[in-house]
Structures are given as structure tokens and as C-alpha cells.
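The next block holds one structure in the form of C-alpha cells; read it before the comments.
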Amino acid sequence: LQENDAAHKTLDLSKRDVLDNLVSIAGVDSFLYRLGFVHDASKKRLRCPDDKPHIYALMAALTVCRECIDQDAVRQRDEKKEHSHHQHSGEIGIQQTRNLQECFGVRSCLSVRRLISVLLFYNHFTHCKRTGQASEREGGAFEYIHAGAGDGGGSGSIDDEQDVMAHYNNTLLLDDVMHIARVHEAERGEFEEVYAFVLQHMTASVARTQFCDANTCGIIKRHYRDRSVCSGDNETRRRLYFGFDEAKEVNTQQILDGVHCYMLHSFDLGYKLTQKEQQCLLQVPRDDDDDDDVKHDDEDDDDE
């Protein structure tokens, strides 16, 4: 898919080996959906329309794989109990996916509301960890995301957070980010409006001493660090991630680092331009045109 190979962007559902060895496996439908595969008009093929999957689409697809593997391991220990839990979670996931398709604007968007809650929590979480302050919420980021959020732990979360964040997990978190990137940014050109709306909640809810500044943001420094530093050094990684060394927790913090930088610092880091900045770049200075006219006039005089 990354090489945009047409041979790997279509699945023929009429072939038995595709049905038996791929599509029928639990979790594969969610994996393919997050990569962008959709049914064609005949409903006999799955096609991936995107030129190249977005990085957050790849992260979401891989997270689905991890969660399916984890769920399978749990089912082997307690098959009957976990089977019913997995079925219920799958129904919730399908409903949340349907909700993403019914978006009527930035201010009413469920994905935006959930990401605001997540960003408020993570700002509070990282501030407390760096300053040594006590937090009303114990545990790490993974526990917060997968516990359905609930109380924001002093983060000043948006109203009705328990309803908004119910049955949340890393996969749905990445789905929300992809919804912002695909719908609000790519299709509707609303990222600046999303940014302003998120910033409005952040500034209203976060104390001035805790507010994130791009020049001093520890999340930016950690997200864009030299990745070889922690290679094979668990103690360094443990210090870097506030004393946590469990893979699930570290992975969740890494995802949240990316979400934080994307949602709050895309303009600061120069990855995106505001509409005003884009207009300034597109404008042609009039002085240059005037100089050219004067130059041409002088040349005409010389010819005479």
C-alpha cells in the first residue's frame, strides 16, 4: 500500500481463499476499514481508494492487530467469559464507527469532543508527572483511555465526559484522529477551526502555569527526540516515560504524544499554515510589478 501498488489495493471477495483465510478472521474487517478499504459498487470487491495510507491510518490498523492478539490470548485463558466481552466490545466499536460518519460540524463532532477530553487529561497528567504534583487520578495513560475516561482527574474536562468517552480505547482514539485528518482537514478544510475550538477549551480549563508552550513543551521534545537513545536501555525509557515500562503504557503515551503535537502544535512547528499565512504567500507584491513596468518603459526610451 505504501508503494501504491494497484495489485495490493483490491480484494476479490468472490475468491474462496480470500474469504476463508482473510476476511473471515476476527478483526480483519476493522483492520481493512482503517486502512481505507471500502466495497465497490458491485459489493464483490474491497478497494483502497487512497493514494497512500495516512500515518494515523497505519497506526490505527496496527493497534487493531495488537488488540486482536491481546484479546485472543485472554480468550485462551478464559474463553467463555472473554468471548462474550469481545462480542459486546465489537458491537460498541461498530456503533462508534457509525457515529464518526454522521458529523455535522466541528462544535458538535464527537471525535473533537473526545480528543479535547484526552488532551486535557494528558496535559494534566504530564504536568503532574514532571512537577511531582499529586494527581486525583492514579495510574497511567493506558488505564485512563481504556477505563472509559470518567472523571477528568482535575483536568477540567468537557461536559458529559462519561457518555462521550464510554467504551473508549486506543483504536477508537486513532479513529478520532483519522476523522479529523480525513474529514475536517482534507475534505472540509476545517483544521484551523478545529484548532481554535480545541484551544478555546484548553485555555478555559487549564491553569496558566500548566498551559503548553511550544518553546518549552516536553512532549514535543520527547516526540521528536533521537529514537536511538532508548534502544536497548530500559532504564532510560522508564525515566523518559515517568517511571512506566509496560509496553501498553509506553505505546499509549507515544500515541498521545503524536496526538498532542498534531492537534496543538501543527501551526507552531510549521507543518500547517493558517489561512491568513497562505493568503500572504499567494499574494504577488505590487512593487515588483511596478518595477517591471518602469524597466520596460526605460527600455522603450532607449530603443527610440
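Quick caveat, the model's predicted, so the values are computed rather than measured.
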Set of salt bridge (charged side-chain N to carboxylate O under 4.0 Å, His left out) partners for D12, sequence neighbours left out:
none
For F191, is there any backbone N or O sitting under 3.5 Å from a side-chain donor or acceptor partner on E185?
no
Using 0.5 Å steps for rounding, measure from the CG atom of D257 to the CZ atom of R222.
4.0 Å
Would F121 and L199 show up in the same hydrophobic cluster when neighbours are defined by side-chain heavy atoms closer than 4.5 Å?
yes
Residue pair C103 / H179: nearest heavy atoms and the distance that separates them
SG-NE2, 3.5 Å
In Å, rounded to the nearest 0.5 Å, how long is the span from CD of E192 to NZ of K272?
11.5 Å
Tell me, with the steps shown, if S111 and H184 meet side-chain contact (heavy atoms from CB on, under 4.5 Å).
CA-CA 10 Å; S111 292; H184 293 290; 5.9 Å; no
Within the distance-only criterion (no hydrogens, no angle test), does the side chain of R114 pair as donor or acceptor with the backbone N or O of L173 below 3.5 angstrom?
no
Say you draw a straight line from CZ of F244 to NZ of K129; how long is it, rounded to the nearest 0.5 Å?
4.5 Å
Please check this pair: side chain of E277 against backbone of T274, looking for a donor-acceptor N/O pair closer than 3.5 Å.
yes
Compare all side-chain heavy atoms of C212 with those of M202 and state whether any distance is below 4.5 angstrom.
no
For S266 and M263, indicate whether the former's side chain and the latter's backbone hold a donor-acceptor pair under 3.5 Å.
no
How far apart are the closest heavy atoms of G258 and H223, and which atoms are they?
CA-CE1, 3.6 Å
Taking C-beta and beyond as the side chain, do T126 and F242 meet within less than 4.5 Å on heavy atoms?
yes
Rounded to the nearest 0.5 Å, how far does OG1 of T252 lie from NE2 of H146?
6.0 Å
Interatomic distance, E143 atom CD to E249 atom CD [nearest 0.5 angstrom]
8.5 Å
Close side-chain approach of L119 to N123, heavy-atom, < 4.5 Å:
no
Taking all non-hydrogen atoms of both residues, which atom of S117 and which atom of Y144 are closest, and how far apart?
O-OH, 3.3 Å
Test item: C261 and Y271 side chains (from C-beta on) under 4.5 Å apart, heavy atoms:
no
Taking side chain as C-beta onward, heavy atoms only, is L264 less than 4.5 Å from I219?
no
Taking Y262 as the starting point, is it possible to reach I220 by hopping between hydrophobic residues whose side chains are less than 4.5 Å apart?
no
Measure from the side-chain N and O atoms of Y241 to the backbone N and O of E246, and report whether any donor-acceptor pair falls under 3.5 Å.
no
Interatomic distance, I145 atom CD1 to K248 atom NZ [nearest 0.5 angstrom]:
14.5 Å
CA sep, side-chain torsions, deciding dist, call: Q253, Y122, side-chain contact (heavy atoms from CB on, under 4.5 Å):
CA-CA 9 Å; Q253 289 190 37; Y122 201 49; 3.6 Å; yes
Is there side-chain contact between V198 and L115, with at least one heavy-atom pair below 4.5 Å?
no
Taking the side chain as everything from C-beta on, heavy atoms only, tell me whether Y168 gets closer than 4.5 Å to V118.
yes
Correct closest heavy-atom pair for N169 and T171 would be OD1-N, 3.1 Å
